[in-house]
Amino acid sequence: MSFEDELTRALRQAVDDAPPPSVEGIAFGAHQRGTRHKRRRAVFAGAAAVVLLAGAGTLAAQLRPAATVAAPAAQPSTTAPSTAPSTEPTVTVERMLDLLRERLPGATLSTPVGLVRGGDDQHAPVRTASAAFTVTDSRGSSSVRVMVVRLEPRNPSTTTYCPPGSTPTTCTVTARPDGSRLTAYRPEAALGGEQVWVVTLLKPDGTQVIADSGNLPGPGSKADGPTRDAPVLDTPQLSALATDPVWQSVSDAIAAGRTVPGDS
Amino acid sequence: MDLSPTTRQAAAAAAPPDFLEFAAARGGPLYRTAYLLTGGDRHLAEDLVQEALSRVFVRWRRVSRLENPAGYAQKVLFNTFVSHRRRRSSRESAAHELPEPAVLDADPALRVTLLQALQTLSARDRAVVVLRYWEDRSVEETAAILQLSSTAVRSRTHRALHRMRALLGDTFAERAAG
């Protein structure tokens, strides 16, 4: 059974196992909420000028710089890991995009996509932050993404990220002096020519950093398929990106709950 | 939400006669979709369906004359999910009642692992996965519902599958082996 078929089956099973909804409550709640929407529309229609002024004020407030620590200096690159900032930054979508942008010096970047998920530690939430860009050069467009996930502490040697069917040629695992393990997966191109290379770093403290690059442009592109023969970053470059110390500071911020959830 | 008998009677009296019937009939299917979209958060899923149906209610006079009001409601559901970031972010913690990501656990519960894997996707990518692999929609249908280009849907599908495969591949393999 293909992965897609397995996924479909798992989704159906998850829905089958879902707790039943209160359909009647949903229907009446929708009516009540819809009624409020109608009233609000009527009020807004009668006070358009006031709303415009208020909206302008809100927008101005939103555009103010967030009260977060400034991003670190833009000195590191994918081949020269940086030093983690000594301050305690808050992780936001914008900050994640900035950090990745700084690690792709000189690249032509477009279609930024960021995601920050967090929450309280009490319920052990999924805590992750990611950033991605489309990188365009003379050979075409490619995607580059980094994703930081904070898991519970664990022994990295007990975990494998090499998928079933991979070989030592396509997937390598490197034990690092700090106890972390670095997995580089470089599968053959798919039938349509798509290629995504991925490097995963797992540290004993539960920090997981996934860096990947594909030969497809990111969302927003008009390209209908791969535009390069290979991703813009190879696995050594992805390894340098994944092991950049700055992601540890992101992981620590996620663990400490210093996140502003959002996506773009 | 006040759901006392008096309130319900008042609502039934005030609502167009067939809206409540429509909402009750479509609430279940929309909830199941919303359950996946919200990464398994029952309360957020119900809230999402309520919000989507409330938007349908606002336009019910026109929507009720459409050839496929159910399809319209579903499109509203997806668009509400994708666009309503503030609400989603403010309620995100509810989804975290699930245990810690089981993607690396030795004995993962498939449902929890799957739902948590969905949570790691962006809203649009999650919507694409749900449409393509749960609702079995074509690329073109998915593109129309999400107001994306077919290329964007293919790209997002590719990325999302890549991510899901990384998070679920071992789980599926273990299940197949077991």
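Below, read A as the first sequence line, B as the second, and so on, with proteins coming before strands; counting in each chain starts at 1. None of these values were measured; they are calculated from a predicted model.
Gly27(B) and Val49(B) get closest at one heavy-atom pair: O-CG1, 4.2 Å.
The aromatic rings of Phe19(B) and Trp60(B) sit perpendicular to each other, their planes meeting at more than 60°, with 30° as the lower class boundary. Using cut-offs of 30° and 60° on the angle between ring planes, the pair Phe57(B) and His31(A) is perpendicular.
Neither the backbone nor the side chain of Arg132(B) comes within contact range of chain A; no heavy atoms are under 4.5 Å apart. Neither the backbone nor the side chain of Asp16(A) comes within contact range of chain B; no heavy atom of the residue lies under 4.5 Å from a heavy atom of that chain. For a residue to count as touching a neighbouring chain, one of its non-hydrogen atoms must lie under 4.5 Å from one of that chain's; by this rule Leu36(B) touches chain A with the side chain only. For Leu30(B), no part lies under 4.5 angstrom from a heavy atom of chain A. Looking at Arg42(B), only its side chain comes within 4.5 Å of chain A, counting heavy atoms on both sides.
Counting only distance, with no hydrogens or angles, the side chain of Thr142(B) and the backbone of Ser138(B) share a donor-acceptor pair below 3.5 Å.
Paired with Val144(A) under the rule side chain to side chain contact (heavy atoms under 4.5 Å, CB included), one option of Thr134(A), Val232(A), Leu109(A) passes, and it is Val232(A).
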